[in-house]
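In what follows, a single structure is set out as structure tokens and then discussed.
Remember, it's 1-based here, ligands and their atoms both numbered in the order they're listed.
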Amino acid sequence: MIAGAVRRAGLVDVLGAAGNVNVQGEEQQKLDVYANEVVKSALTFTGRVCVMGSEEDDDFIPVPDGYPVGKYVVLFDPLDGSSNIDANAPVGTIFSVYSRVSDGGRGDQRDVLQPGRHQVAAGYVMYGSSVMMVYTTGHGVHGFTLDPTIGEFVLSHQRITIPPTGMYYSVNESRFGRWDRGVQLAVRGLHGDFPDQIKGKNSRYIGSLVADFHRNLVNGGIFLYPGDVKAPAGKLRLLYECAPMAFIAEQAGGAATDGVTRILDLQPEALHQRTPLVIGSRDDVEYVRRIILEQRAREGAA
Ligand code: P6P
């Protein structure tokens, strides 16, 4: 449903020009809002979920009264990167699943604010040149590609593993002047400025987390969204962007930190909490961590 809406995004304006109503006669909604409603309505009444959390909703979403309550918690970003849709760049839905920790009744804050290492499943659906679902339940990472001729997701990438080091690095270089010295030195290493430390890499940055992450997952590489002087916690959200991607990265043999600390060990304090993110090929993530720690040691000694 979301893939269909994303595919028609460019048309809706043209076809729905009269009175802002789209081709199905529905009130034309922002795609974020539409994707959010699709995911919530698909999950709320299944009897599988006790509480949900969405990037699009300020507070967490308990199952409405009168509907069966299940044992799972689902956190999701219904359409990440949607600002790229006008440019026809890939966007994605990211999801993270936990078992509830509260006993009975509707889920609550305790069920939502769990560290990423407690996830039982995580994945994303990427609306790119093809529609792919990549997920893990803790037994490796597997990719399914939607075959539109039969409307089914077909197993296309069994047991995806990320190479220990990769050819690419992905970061928004325009922030370079705002990063701390350790991050600047690490990114200069990825540029190839310190060949005795690490081989330089090619830059690839789409500005859509799912697309940038997926490239590094299948080809090897590292994605960084560091904190900076203006936003020390960075831009990306812990619960429904960084933690699910970290679970997938580790299950594929990669790694994910906030620069230094393992993402899956971070204890969330709030639903929309942000964290810096360094994720991808294991040796590349470890290189960044080492450079940051060495710089902190120098500053501590100074
Ligand atoms: P910047 C998209 O808006 C998003 O949330 C992620 O998908 C993406 O990785 C990031 O922001 C890009 O942010 O600041 O580089 O444009």
Side-chain angles (χ1 to χ4, degrees), residues 2-3 6 9 30-36 39 53-58 75-96 122-129 131-134 166 168-180 183-184 186-187 190-191 202-219 221-249 254 256-259 263 270-281 284-285 288:
I2 297 173
V6 168
K30 269 171 58 66
L31 277 173
D32 293 344
V33 174
Y34 172 74
N36 194 38
V39 176
S54 168
E55 192 264 350
E56 290 289 328
D57 285 66
D58 290 346
L75 303 164
F76 56 92
D77 185 351
L79 199 61
D80 179 78
S82 52
S83 53
N84 293 288
I85 286 182
D86 297 345
N88 212 5
V91 292
T93 298
I94 309 170
F95 61 89
S96 168
Y124 55 85
V125 182
M126 184 168 74
Y127 313 103
S129 46
V131 179
M132 252 195 94
M133 183 179 84
V134 173
Y168 300 116
Y169 78 97
S170 308
V171 71
N172 184 335
E173 303 266 8
S174 70
R175 304 278 195 273
F176 190 92
R178 299 186 202 166
W179 297 331
D180 67 37
V183 172
Q184 289 179 338
V187 172
L190 300 174
H191 288 166
N202 267 339
S203 172
R204 289 285 187 281
Y205 194 72
I206 299 173
S208 179
L209 174 62
V210 172
D212 281 316
F213 175 81
H214 186 75
R215 182 192 52 254
N216 291 328
L217 179 73
V218 296
N219 292 336
I222 183 170
F223 171 93
L224 306 90
Y225 205 108
D228 62 40
V229 288
K230 287 193 174 178
K235 174 180 185 181
L236 301 178
R237 315 295 184 139
L238 172 57
L239 275 173
Y240 42 77
E241 290 174 334
C242 300
M245 292 314 208
F247 187 20
I248 293 167
T257 69
D258 64 1
I263 289 288
L271 177 60
H272 301 295
Q273 171 175 336
R274 301 174 195 269
T275 176
L277 178 66
V278 180
I279 190 168
S281 291
D284 298 340
V285 172
V288 171

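- Note that CG of Asp32 is 7.0 Å distant from CD1 of Ile85, once rounded to the nearest 0.5 Å.
- Look at Lys230 and Asp228 and you find no salt bridge, because none of the NZ, NE, NH1 or NH2 atoms lies under 4.0 Å from a carboxylate O.
- Between Arg237 and Asp77, every side-chain heavy-atom pair lies at or beyond the 4.5 Å cut-off.
- Judged purely by atom type and a 3.5 angstrom limit, His272 has no side-chain atom pairing as donor or acceptor with the backbone of Leu239.
- Interatomic distance, Ser54 OG to Leu79 CG, rounded to the nearest 0.5 Å: 10.5 Å.
- Without hydrogens or angle criteria, Thr93 side chain to Pro78 main chain gives a donor-acceptor distance under 3.5 Å.
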May I have the N/O to N/O pairs between ligand 1 and the protein that fall below 3.5 Å, each with atom names and distance to one decimal?
residue, atom, partner, partner atom, Å
ligand 1, 7 (O), Asp80, OD2, 2.5
ligand 1, 7 (O), Leu209, N, 2.8
ligand 1, 9 (O), Leu209, N, 3.3
ligand 1, 11 (O), Lys235, NZ, 3.0
ligand 1, 13 (O), Lys235, NZ, 3.0
ligand 1, 14 (O), Arg175, NH2, 3.0
ligand 1, 14 (O), Tyr225, OH, 2.6
ligand 1, 15 (O), Asn172, ND2, 2.9
ligand 1, 15 (O), Tyr205, OH, 2.6

